[in-house]
Chemist: 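The structure's right below; bear with me while I get my questions together.
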There are 2 protein chains.
Amino acid sequence: MSKEKAGEVTTKQRLMEAAEELFANEGFESVSVREITSRAGANVAAVNYHFGSRTGLVNAVIERYIEPMNQERLRQLTALERRGEASVEEIVETFMRPFAKLVSRSELSERLFAKLMGRTFGGGVALLPESVVVSFGELARRYRKAFGKVLPGLSDADCYWRLHFMVGAMVHTLAHGDMLQKVTGGRCGNPGIDEVLGRCIRFVAAGIREGVDAEPAGKRAGKTVKKVAAKPQEEFDF
Amino acid sequence: MSKEKAGEVTTKQRLMEAAEELFANEGFESVSVREITSRAGANVAAVNYHFGSRTGLVNAVIERYIEPMNQERLRQLTALERRGEASVEEIVETFMRPFAKLVSRSELSERLFAKLMGRTFGGGVALLPESVVVSFGELARRYRKAFGKVLPGLSDADCYWRLHFMVGAMVHTLAHGDMLQKVTGGRCGNPGIDEVLGRCIRFVAAGIREGVDAEPAGKRAGKTVKKVAAKPQEEFDF
DNA sequence: GTCTATAAAGTGATAGAC
DNA sequence: GTCTATCACTTTATAGAC
């Protein structure tokens, strides 16, 4: 906190970088403080000095990316809506892609960074810092609002559950891409993260649209605005 | 292995039951042998005597359900196909529902059993016993074949990735249903597992069908466009 | 099959010298 | 800020009595 020159890599940073890699590869629970300090070339006491505790480091690692990522999601979603009526695919894309923009902040490879993001949710609510839960609450409300505009026939409960399925598909894809490779013996091809996310976006968009008739004409990248009769049956605190 | 009367509950069984509950609640990695033996009312050495090691117990717990569940899936899928041409929803259902039939084998509540199933995959490939990976390999080939019949335009790679997304949506739903409750503050309603799975099935079925039924050629932004006409370019060992 | 006792190593955390 | 040394446990696993 006190001394931090320009291009200098502090111990704190090195600890976080080492932790990210280990957490991505082995999960947040199965990495010891000693493994982290050892890989970071730091002293065993460094984690407790800089982060207060092991949990403090875990939270720092998670918050470092989740917050900026969620901000980027909101930014992209708002920008998208400003350009006119958005397609379901485009909205889903603003949720799925932003993680890719954050890769550059880390020393991790894209694949490893993807695993890290996936593991963040694969661990369950118990793992997540409260701030992250709150952040996702806001995000959920915001996306519910966005989908409500495009798919007026979609109920709140339906929308939230479909968002949940979306997160599941994404998390599993990011965290366990290797599982599919192993299970299929490579018959799923070996696409990069970008293409996989593209496939996932199309899959999810179809799921979200399912059974809801009222969507503007343009399915993809279409900007034809066609307002469907308003259906304000439900009122919420958006 | 030697003495096992009719209605008697052996130590081995009690150990597995205790382990299931703890694994479901806290994950496979974060439960110690002592917690298990203590809850089972058994001696600390019992796990090593009956299962060889902690890992042996984990594998036993996983295999106890995964194998019968996958068998039930295959059974239901085959039965479904015998009745005539199946819908995508029906095929997906044979994958998602069988877990519910297995609940009765356990002392766990349906919700807890669901969590256990979800955690089994949330842990990644590394956690899974080799036999389970093999079993899922067969399952993937079988389902690919089933979907190939109903959706001839679906390529191998597309189908396998969509199956992967399906597993992700299902696993996340089963393991982390509480996450959605917390994040939305209850605005997703409080449906039982049956209804949630129903929603998930419709969501997934739409995703699997995407771009295959409706439109001959995918109109996505830039990447691979799959052909709908017969394409025997690839040959696999089905 | 079940028990105690114990091994051998690992865990997060901290006091205090530098 | 960084280090060593150490505390106070916990971990899995096992040898050997019963």
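By convention in this document, chain letters (A, B, ...) are assigned in the order of the sequence lines, proteins followed by strands, and residues within each chain are numbered from 1. Heavy atoms only: backbone and side chains are in, while hydrogens, waters and symmetry mates are out.
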Chemist: Among C:dA5, D:dT11, D:dT4, find the nucleotide with the atom closest to the side chain of A:V44.
Modeler: D:dT4

Chemist: Can you work out whether A:G41 or A:R34 has the more 5'-proximal nearest nucleotide on DNA chain D?
Modeler: A:G41

Chemist: In whole Å, what is the span from the CD atom of B:E26 to the P atom of D:dT11?
Modeler: 11 Å

Chemist: Is the distance from OP1 or OP2 of C:dT4 to the nearest side-chain N or O of B:N43 less than 4.0 Å?
Modeler: yes

Chemist: Measure the spacing between CG of A:L163 and CZ of A:F165 and express it to the nearest 0.5 Å.
Modeler: 10.0 Å

Chemist: So, OP1 or OP2 of C:dG10: does either fall under 4.0 Å of a side-chain N or O from A:S32?
Modeler: no

Chemist: Going by an N to O cut-off under 4.0 Å, is there a salt bridge joining A:E81 and A:R142?
Modeler: yes

Chemist: In whole Å, I'd like the distance from the CZ atom of A:R14 to the P atom of D:dG1.
Modeler: 13 Å

Chemist: Base, sugar-phosphate or nothing for A:A46? Non-hydrogen atoms, less than 4.0 Å.
Modeler: nothing

Chemist: Rounded to the nearest Å, what distance is computed from the CD atom of residue A:E29 to the P atom of nucleotide C:dG12?
Modeler: 12 Å

Chemist: Output the rounded distance in Å from CG (B:L22) to P (D:dT11).
Modeler: 12 Å

Chemist: Any chance you could measure A:H172, atom NE2, to A:M179, atom CE, to the nearest 0.5 Å?
Modeler: 5.0 Å

Chemist: Between B:N48 (CG) and D:dT14 (P), how many Å, whole number?
Modeler: 6 Å

Chemist: Side chain of B:H50 only, please: which of C:dT2, D:dG1, C:dA13 is the nearest?
Modeler: C:dT2

Chemist: Check whether A:F51 forms a cation-pi arrangement with A:K12 (NZ or CZ under 6.0 Å from the six-membered ring centre, at most 45° off the ring normal).
Modeler: yes

Chemist: Rounded to the nearest angstrom, tell me the gap between atom CZ in A:R54 and atom C1' in C:dT11.
Modeler: 10 Å

Chemist: Starting at atom CG of B:L15, determine the distance to atom P of D:dA13, rounded to an integer number of angstrom.
Modeler: 14 Å

Chemist: Measuring from atom OG1 of B:T184 to atom CZ of A:F136, what distance do you get when rounded to the nearest 0.5 angstrom?
Modeler: 13.5 Å

Chemist: Please report, rounded to the nearest Å, how far the P atom of C:dG12 is from the CG atom of A:L57.
Modeler: 11 Å

Chemist: Can you check whether A:T11 has a side-chain N or O nearer than 4.0 Å to OP1 or OP2 of D:dG1?
Modeler: no

Chemist: Choosing from D:dC3, C:dC3, D:dT11, which nucleotide comes nearest the side chain of A:A45?
Modeler: D:dC3

